[in-house]
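Any value given below was found using the heavy atoms of this structure, including those in side chains, with hydrogens, waters and symmetry copies removed. What you see is a predicted model, and the numbers here were worked out from it, not measured in a lab.
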Amino acid sequence: MSISNPETNYIRVPLAEGLSSTLRVMRELEQRALAEPIFVNWILKNFKQTCGVCQLKKIWEYVRKNFNYIDDEYDEVLISPAIIISQRFGDCDDFALFIHTCLTALNIPSKYILLGAEKNKPTHIAV
């Protein structure tokens with residue numbers, strides 16, 4: 001990932017395009033991040049342990065301690081998991097993308113889940 005290239009690290013998804021576009025872009029950013037050996041090695045160095053539950057806990061604690069939650073202003077702006085570690089802020093989809101990417105690199109199966117107060121109207125995404 002080129003940190004100097006905003007086009008590969010930040011992708012704006014207009015709200016009008018909907019959730020399927022957001023999820024498609026999240027998958028694309030995950031694949032780009034996983035293609036970066038430096039980032040994958042960072043994940044393995046920081047989170048790989050023999051205890052699967054320990055890995056999950058370590059990732060969650062890292063996100064809670066190191067990232068600040070900041071809402072997107074209007075449209076969805078997705079941040080690459082490879083640079084959020086230096087940026088240190090994002091919203092729920094950025095955190096979910098980071099966590100899902102780490103779990104994928106560690107060969108731990110995971111899925112995105114959509115949450116919302118009203119049926120069929122998700123407002124948040126988690127892993």
task: Tell me whether L44 is reachable from Y62 by hopping between hydrophobic residues (I, L, V, M, F, W, Y) whose side-chain heavy atoms are closer than 4.5 Å.
output: yes
message: Quick check for you: to the nearest 0.5 Å, what is the distance between M26 atom CE and S21 atom OG?
response: 13.0 Å
Could you list the donor-acceptor pairs under 3.5 angstrom formed between side-chain atoms of residues 93-106 and any protein atom two or more places apart in sequence or on another chain?
{"from": "D94", "atom 1": "OD1", "to": "I79", "atom 2": "N", "distance (Å)": "2.9"}
{"from": "D94", "atom 1": "OD2", "to": "D91", "atom 2": "N", "distance (Å)": "2.9"}
{"from": "H100", "atom 1": "ND1", "to": "E30", "atom 2": "OE1", "distance (Å)": "2.7"}
{"from": "H100", "atom 1": "ND1", "to": "E30", "atom 2": "OE2", "distance (Å)": "3.4"}
{"from": "H100", "atom 1": "NE2", "to": "S110", "atom 2": "O", "distance (Å)": "3.4"}
{"from": "H100", "atom 1": "NE2", "to": "S110", "atom 2": "OG", "distance (Å)": "3.4"}
{"from": "T101", "atom 1": "OG1", "to": "L97", "atom 2": "O", "distance (Å)": "2.7"}
{"from": "T104", "atom 1": "OG1", "to": "E30", "atom 2": "OE2", "distance (Å)": "3.0"}
{"from": "T104", "atom 1": "OG1", "to": "H100", "atom 2": "O", "distance (Å)": "2.9"}

field: Spacing of R24 atom CZ and L19 atom CG [to the nearest 0.5 Å]
entry: 12.0 Å
query: Taking it one step at a time, do S20 and L23 satisfy side chain to side chain contact (heavy atoms under 4.5 Å, CB included)?
result: CA-CA 5 Å; S20 61; L23 290 169; 5.8 Å; no
message: Nearest 0.5 angstrom please: I84 CD1 to N9 CG, how far?
response: 11.5 Å
- request: Count the heavy atoms belonging to other residues, nucleotides or ligands that lie under 6.0 Å from CD1 of I38, then report whether that count exceeds 12.
  value: no
field: Sub-6.0 Å ring centroid separation between F47 and W60
entry: no
- prompt: Are R32 and E36 ion-paired here, with the side-chain N under 4.0 Å from a carboxylate O?
  reply: no
- request: Flag yes if I125 and I113 sit in one hydrophobic cluster, no otherwise; membership is Ile, Leu, Val, Met, Phe, Trp, Tyr, and two members link when side-chain heavy atoms are under 4.5 Å apart.
  value: no
message: Do I70 and L29 land in one hydrophobic cluster if side-chain heavy atoms of ILVMFWY residues count as linked below 4.5 Å?
response: no
message: Please tell me whether F89 and F67 form a close aromatic pair, meaning their ring centres lie under 6.0 Å apart.
response: no
message: For the CG atom of L56 and the SG atom of C51, what is their distance to the nearest 0.5 Å?
response: 8.5 Å
- request: Kindly compute the distance separating CG (D75) from CD1 (I11), expressed to the nearest 0.5 Å.
  value: 13.5 Å
- prompt: Do S80 and Y10 have side chains that get closer than 4.5 Å, going by heavy atoms?
  reply: no
- prompt: Under 3.5 Å, side chain of D72 to main-chain N/O of V77, donor-acceptor pair present?
  reply: yes
query: Side chain of Q55, backbone of Q49: donor and acceptor closer than 3.5 Å?
result: yes
query: Side chains of F39 and L34: does their closest heavy-atom pair fall under 4.5 Å?
result: no
query: With the 4.5 Å side-chain cut-off for hydrophobic clustering, are I43 and V53 part of the same group?
result: no
task: Could you grab the distance from atom CG of N66 to atom CZ of R88, nearest 0.5 Å is fine?
output: 4.5 Å
- line: Applying salt bridge (charged side-chain N to carboxylate O under 4.0 Å, His left out) to E118 and not counting sequence neighbours gives K121
